[in-house]
K.L.:
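Pasting in a structure now, in structure tokens, and then I'll have a few things to ask.
When a ligand or atom number is given, it counts from 1 through the structure's own listing order.
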Amino acid sequence: MTANRLRRLYSADEAEIVVVDQDDRHLYQPGLLFMPFGLTHVEDIVRPRGRQLHDGISYRQSAVDSVDIIDDQVLLADGTSLEYDVLVVATGAVLVPEETEGLTGPGWMEKVFTFYTPEGAAALEAALAAFDAGRVVINIIDMPIKCPIAPLEFAFLADWYFTERKMRDRVQLTFVTPLDGAFTKPVASQQLAGMLAEKHIELVTEFNTGEVDGVEGKLVSYDGREVPFDLAVVIPAHGGAEYVGRSEGLGDELNFVPTDMRTLQSKARPNIFVIGDATDVPTSKAGSVTHFEGDVLVENIVHFLVGDELEAVFDGHANCFIETGFHKALLIDFNYETEPLTGHFPTKVGLPLLKESRLNHLGKLMFQWFYWHSLLPGRDIPGIGAAMPTAGKTPASVD
Ligand SMILES: Cc1cc2nc3c(=O)[nH]c(=O)nc-3n(C[C@H](O)[C@H](O)[C@H](O)COP(=O)(O)OP(=O)(O)OC[C@H]3O[C@@H](n4cnc5c(N)ncnc54)[C@H](O)[C@@H]3O)c2cc1C
């Protein structure tokens, strides 16, 4: 998206643009949520990368080994290097399941799964299809994670899935989170906790998982609490890309890149900008955020290259459809200052916020089309801008 937008602004004589990625499989990650329920398959959510790039953008397929931020060079795993005037770090977040005791030990991919990878989501599809009774536990090991709402969506869809298979009464669903509620922000948290209760999904909060025991079938927290399971769906801890740790001065202890939350310039060097899950900015790690950041980031690269002051305007805007099962979904919209509220989006007339509707479900399904045809090519979506709209939102009041 960033490369495509920059290409549109600069001619080939003005700027050489190179995209580096380690593979040629661009995965539409929101689709992973639907795979375990047989609603989509990996071949429907993966496309080659070259097809997403406009003419005049070079594509280099190689892993990044490290970045030399003093000499302005990206060192590639194939032994070559690329010099840059401006570097955009867009290498996302990775799962670090090995950081949790027992998680990848006995039982991993047999009764302990994650749907955050294509392999995990496919294995979970088979496990769910074979499941006929017992305790299913959904556990977020630690924050931050990509799309913090996806585990709740999984719980809601599991309720729908087992209902459809006429076996919901034989399955106990439990949602186990390190947070003090169903979600991070008070209004949404209260609303979503109510929905879990309505759907008879047990909520266990402030549970910091220290160990996953795939033999005995139990999660054990650091403070000694236990949650038993027959099948666990775990969202492992996340970190930034490993090469960030090998690039002196670039990242923090989790390999995320310290980034100015308003300009999206890295704190390491003025000619390094950061977008998406790779940043440490205090908003969700979500595709919508990445999209909204893109507007500000590209403008600021243009300012930087001519020596102008950067615009400190990114507001942390995040926007997410929350699939709730039975062909319905909620929508949430928030930023650094404003928590997800009820009302409508983007104005007083529009999609309902924090309220289940079929329209939101259609929005969620249509989003994949927008992703490939609007977001990645760097086109604007009419009526949806980088700044969070305030019209239509109901001010917060939580009992
Ligand atoms: C299950 C799930 C559901 C989700 N649902 C939603 C949703 O409904 N709505 C939403 O807005 N967001 C959702 N997200 C989050 C969304 O997918 C991410 O926030 C988004 O993809 C982030 O984009 P990114 O470009 O920062 O990182 P990514 O899309 O992860 O891209 C990072 C790229 O960097 C490359 N890379 C990494 N390391 C190296 C290296 N060393 N060398 C070369 N290349 C490297 C990778 O190959 C990858 O192509 C979901 C995520 C998951 C996992």
K.L.:
Backbone N or O of Leu264 within a donor-acceptor pair of the Asn300 side chain at under 3.5 Å?
P.N.:
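Pair absent, no side-chain N/O of Asn300 close to backbone of Leu264.
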K.L.:
Would you say the side-chain atoms of Thr80 pair up with the backbone N or O of Leu76, donor to acceptor, closer than 3.5 Å?
P.N.:
no
K.L.:
Mind listing the N or O contacts between ligand 1 and protein, cut-off under 3.5 Å?
P.N.:
from: ligand 1; atom 1: 8 (O); to: Lys364; atom 2: NZ; distance (Å): 3.1
from: ligand 1; atom 1: 11 (O); to: Gly287; atom 2: N; distance (Å): 2.9
from: ligand 1; atom 1: 11 (O); to: Ser288; atom 2: N; distance (Å): 2.9
from: ligand 1; atom 1: 12 (N); to: Gly287; atom 2: N; distance (Å): 2.9
from: ligand 1; atom 1: 19 (O); to: Asp277; atom 2: OD1; distance (Å): 2.9
from: ligand 1; atom 1: 19 (O); to: Asp277; atom 2: OD2; distance (Å): 3.1
from: ligand 1; atom 1: 19 (O); to: Ala286; atom 2: N; distance (Å): 3.4
from: ligand 1; atom 1: 19 (O); to: Gly287; atom 2: N; distance (Å): 3.2
from: ligand 1; atom 1: 21 (O); to: Gln29; atom 2: NE2; distance (Å): 3.3
from: ligand 1; atom 1: 26 (O); to: Asp277; atom 2: N; distance (Å): 2.9
from: ligand 1; atom 1: 29 (O); to: Gln29; atom 2: NE2; distance (Å): 3.2
from: ligand 1; atom 1: 30 (O); to: Gln29; atom 2: NE2; distance (Å): 3.0
from: ligand 1; atom 1: 41 (N); to: Val64; atom 2: O; distance (Å): 3.3
from: ligand 1; atom 1: 42 (N); to: Val64; atom 2: N; distance (Å): 2.7
from: ligand 1; atom 1: 44 (N); to: Gln22; atom 2: N; distance (Å): 3.3
from: ligand 1; atom 1: 47 (O); to: Asp21; atom 2: OD1; distance (Å): 2.7
from: ligand 1; atom 1: 47 (O); to: Gln22; atom 2: NE2; distance (Å): 3.1
from: ligand 1; atom 1: 49 (O); to: Asp21; atom 2: OD1; distance (Å): 3.4
from: ligand 1; atom 1: 49 (O); to: Asp21; atom 2: OD2; distance (Å): 2.6
from: ligand 1; atom 1: 49 (O); to: Arg49; atom 2: NH1; distance (Å): 3.2
from: ligand 1; atom 1: 49 (O); to: Arg49; atom 2: NH2; distance (Å): 2.9

K.L.:
Taking ring pair (Phe, Tyr, Trp, His ring centres under 6.0 Å) as the cut-off, I'd like each qualifying pair that reaches into residues 258-303, sequence neighbours left out, listed once.
P.N.:
Phe273-Phe304, Phe292-His317
K.L.:
If you look only at distance, which donor and acceptor atoms sit under 3.5 Å apart when one is on a side chain in residues 168-177 and the other is two or more places apart or in another chain?
P.N.:
from: Arg168; atom 1: NE; to: Asp159; atom 2: OD1; distance (Å): 2.7
from: Arg168; atom 1: NH1; to: Val171; atom 2: O; distance (Å): 2.7
from: Arg168; atom 1: NH2; to: Lys199; atom 2: O; distance (Å): 2.9
from: Arg168; atom 1: NH2; to: His200; atom 2: O; distance (Å): 3.1
from: Arg170; atom 1: NE; to: Asp132; atom 2: O; distance (Å): 3.0
from: Arg170; atom 1: NH2; to: Asp132; atom 2: O; distance (Å): 3.3
from: Thr174; atom 1: OG1; to: Glu202; atom 2: OE1; distance (Å): 3.1
from: Thr177; atom 1: OG1; to: Leu179; atom 2: N; distance (Å): 3.0

K.L.:
In this structure, are over 12 heavy atoms from other groups packed under 6.0 Å from Asn208 atom CG?
P.N.:
yes
K.L.:
Side chains of residues 144-156: which donor-acceptor partners sit under 3.5 Å, not counting sequence neighbours?
P.N.:
from: Lys146; atom 1: NZ; to: Gln29; atom 2: OE1; distance (Å): 2.9
from: Glu153; atom 1: OE1; to: Lys364; atom 2: NZ; distance (Å): 3.4
from: Glu153; atom 1: OE2; to: Glu323; atom 2: N; distance (Å): 2.7
from: Glu153; atom 1: OE2; to: Lys364; atom 2: NZ; distance (Å): 2.7

